[in-house]
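Working notes, beginning with the structure itself.
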Amino acid sequence: MSGKDAHNYKVLFSEQGSISYWFKNKTDIRNPKGGYYEWVYILLQSEDFSDSQIRKYFNINNSEWQRFKKNHFPTWKDDKYDILAERGPKAFKIWKEAQVRSHN
């Protein structure tokens, strides 16, 4: 691997380590009804972002966040990895399709 290729890989990897790589707008987690898209949460959890990082990036207050988690992922603590395995690929597909639409 050339030095330039190594640098490009390092830049790409560090960009993916930021929520803004995945979601440029801090409103991207909000659905039209004022709630939150579950798939956004699933995708970011699949990429190892913590609840705290996600909540802070999207400017969501703690009580609102806890309500979202309780209502949409009541068994998260016990079933996190099963949920991510089942729903992660679909969340990535939704994100990828959104990227294609935004570039056309």
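- In plain terms, the two heavy atoms of Pro89 and Leu84 that are nearest each other are CD-O, 3.9 Å.
- Heavy atoms from other residues, nucleotides or ligands lying under 6.0 Å from NZ of Lys26 number more than 12.
- The shortest side-chain heavy-atom distance between Ile29 and Leu44 does not fall under the 4.5 Å cut-off.
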Query raised in the report: Given Asn25 and Thr27, is the side chain to side chain donor-acceptor pair (under 3.5 Å) satisfied, shown in steps?
Result: CA-CA 5 Å; Asn25 298 314; Thr27 58; 5.3 Å; no
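- The existence of a salt bridge linking Arg55 and Glu64 is excluded, since no basic side-chain nitrogen approaches an acidic carboxylate oxygen closer than 4.0 Å.
- No side-chain heavy atom of Glu86 sits less than 4.5 Å from a side-chain heavy atom of Asp82.
- At least one side-chain heavy atom of Trp65 sits under 4.5 Å from a side-chain heavy atom of Tyr41.
- In this structure, the separation between CD on Gln99 and NZ on Lys96 is 7.5 Å, given to the nearest 0.5 Å.
- Scanning all heavy atoms of the two residues, the minimum distance from Gly88 to Ser46 falls at CA-OG, 3.9 Å.
- For Phe23 and Trp39, the distance between ring centers is under 6.0 angstrom.
- Note that CD of Gln66 is 10.0 Å distant from CG of Asn61, once rounded to the nearest 0.5 Å.
- Rounding to the nearest 0.5 Å places CD1 of Ile42 at 12.5 Å from CD of Glu47.
- A distance of 11.0 Å separates NZ in Lys56 from CD1 in Ile19, rounded to the nearest 0.5 Å.
- The shortest side-chain heavy-atom distance between Tyr57 and Ser18 does not fall under the 4.5 Å cut-off.
- Remark: the backbone N or O of Ser50 is paired with a side-chain donor or acceptor of Gln53 at under 3.5 angstrom.
- One distance of note links CG of Leu43 with CD of Glu38; it measures 13.5 Å at 0.5 Å rounding.
- Using cut-offs of 30° and 60° on the angle between ring planes, the pair Tyr21 and Trp95 is tilted.
- At a threshold of 4.5 Å between non-hydrogen side-chain atoms, the residues Trp22 and Val40 do not count as touching.
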When the side chains of residues 73-80 are checked against the rest of the protein, which donor-acceptor pairs come out under 3.5 Å, sequence neighbours left out?
{"from": "Thr75", "atom 1": "OG1", "to": "Asp79", "atom 2": "OD2", "distance (Å)": "2.8"}
{"from": "Lys80", "atom 1": "NZ", "to": "Gln45", "atom 2": "OE1", "distance (Å)": "3.4"}

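- Using modelled atom types and a 3.5 Å distance limit, the side chains of Tyr37 and Asp28 yield no donor-acceptor pair.
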